[in-house]
Amino acid sequence: MSFGPRSVVIKGTGSYTPANIKTNDDLAKIVDTSDEWIFTRTGIRERRIADDQENASDLGAKAAANALESAGLETQDIDLVIVATITPDMPFPSTACLIQTKLGIPNAVCMDIEAACSGFLYIMEVASSLLQSGRYRNALIVGTEKLSSILDWEDRTTCVLFGDGAGAAVLSLSDEPNVGVIDFKLGADGANGDVLYMPGGGCANPATPGSIDDRLHFLKMRGREVFKLAVKVMEQAATEILEQNGLESDQLACVIPHQANLRIIELLSSRLKIPMDRFFLNLDKYGNTSAASIPIALDEAYRAGRIKSGDLTLMVAFGAGLTWGAALVRC
Ligand code: ACO
């Protein structure tokens, strides 16, 4: 099945991660943990942490500039900017508008969409659909996160899992047949929203001295429940998207999973019967970068030669909401 009348192709990708590396041993100096615990439970060795002057829009703008360069396009070619983030610089204006200004994109529709770690697949489907409507030519889509700003650095059960970074892609229309985006399978289940959330900062719990004392402005997670739900929804989304396109898992050249936990990805590999060597992994270096995780991995997979022209690639993610999604692309 083709996604629409004209092909939408990934014309370029880019990524950016802050220079500052925090290893598991560094974290063991802050909270009661160890490299051994973190690595065996998650596969993470280190993560990048942005400095005080570097916000989600700065990380996103750098990744986006790389993506524009790899696409061979200029800022004036972009007429749509969509950003996925749970750590916007501020509630408004949108991080997309901030990135537009930082890059000097003269004329574009700009918006943020929030679907946590599934965010990049959500914005990819939205951008692809808008391109196919014929009203836009080239979309810049960016997943960017400064998760270090919402982590409780006294909570060892969460602060060891996440990192900062950004990834981006340029999507464009193409008349070439049988290339580009094939299909999406997105989903959500708001009833399970309380397994992973941040209670403070919105209108329900605006910032007050009390909300700060109660640590409401930090990410909260029930890790075990998230783990089980993650495996279930990612397996389901991947199976359904393959079935509805008449494809078998052994036809996939590369799988780009959300980089949250190696054990989740290993379970997915065994349930989908896709060998681990088809999965692109970089979570050992970056931890979970939420909406930035898939586009950073996609960019690194291209640059490492793990995805070649014509390769059938599956991206699959889950995140707070709950949200989940799968995307099939002929790269
Ligand atoms: N260091 C040392 N010990 C720890 C740490 C730590 N960093 N964190 C927890 N522990 C302890 C716990 O206190 C507990 O101790 P106890 O038995 O004395 O109570 C013990 O380790 C086991 O804790 P569990 O939570 O049961 O450990 P588990 O094996 O389930 O691993 C983990 C926890 C890694 C969080 C796992 O559940 C997981 O990866 N879940 C999925 C999380 C995830 O992917 N989140 C991202 C969602 S995407 C998004 O939208 C942001």
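As the structure lists them, so they are numbered: ligands from 1, and atoms in each ligand from 1. Just so it is clear, the model here is predicted, and its values are computed rather than measured.
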Tell me, please, which residues at least two apart from V226 pass side-chain contact (heavy atoms from CB on, under 4.5 Å). V195, L196, M221, F318
Spell out, as yes or no, whether a donor-acceptor pair under 3.5 Å connects the side chain of D164 to the backbone of L147. yes
Whether the side chain of S128 engages the backbone of M124 through a donor-acceptor N/O pair (distance < 3.5 Å, no angle test) should be reported. yes
Quick one: is the NZ or CZ of R48 closer than 6.0 Å to the six-membered ring centre of Y286, and within 45° of its axis? no
Could you go through ligand 1 and note, for every N or O atom, any protein N or O atom closer than 3.5 angstrom, writing the atom names and distance to 0.1 Å, or 'none'?
residue	atom	partner	partner atom	Å
ligand 1	1 (N)	T33	OG1	2.7
ligand 1	3 (N)	W37	NE1	3.4
ligand 1	3 (N)	R156	NH1	3.4
ligand 1	7 (N)	T33	OG1	3.1
ligand 1	7 (N)	R156	O	2.8
ligand 1	13 (O)	R156	NH2	3.0
ligand 1	21 (O)	W37	NE1	3.4
ligand 1	26 (O)	R224	NE	2.7
ligand 1	26 (O)	R224	NH2	2.9
ligand 1	29 (O)	R41	NE	2.9
ligand 1	29 (O)	R263	NH2	3.4
ligand 1	30 (O)	R224	NE	3.4
ligand 1	37 (O)	G223	O	3.3
ligand 1	39 (O)	N261	ND2	2.6
ligand 1	40 (N)	G223	O	2.9
ligand 1	50 (O)	A320	N	2.8

Using the side-chain contact (heavy atoms from CB on, under 4.5 Å) criterion, which residues pair with E54? Sequence neighbours excluded. Y16, P18, A50, D51, D58, L59, K62
Results of side-chain contact (heavy atoms from CB on, under 4.5 Å) for T42 - residues two or more places apart only: I38, I44, L161, N261
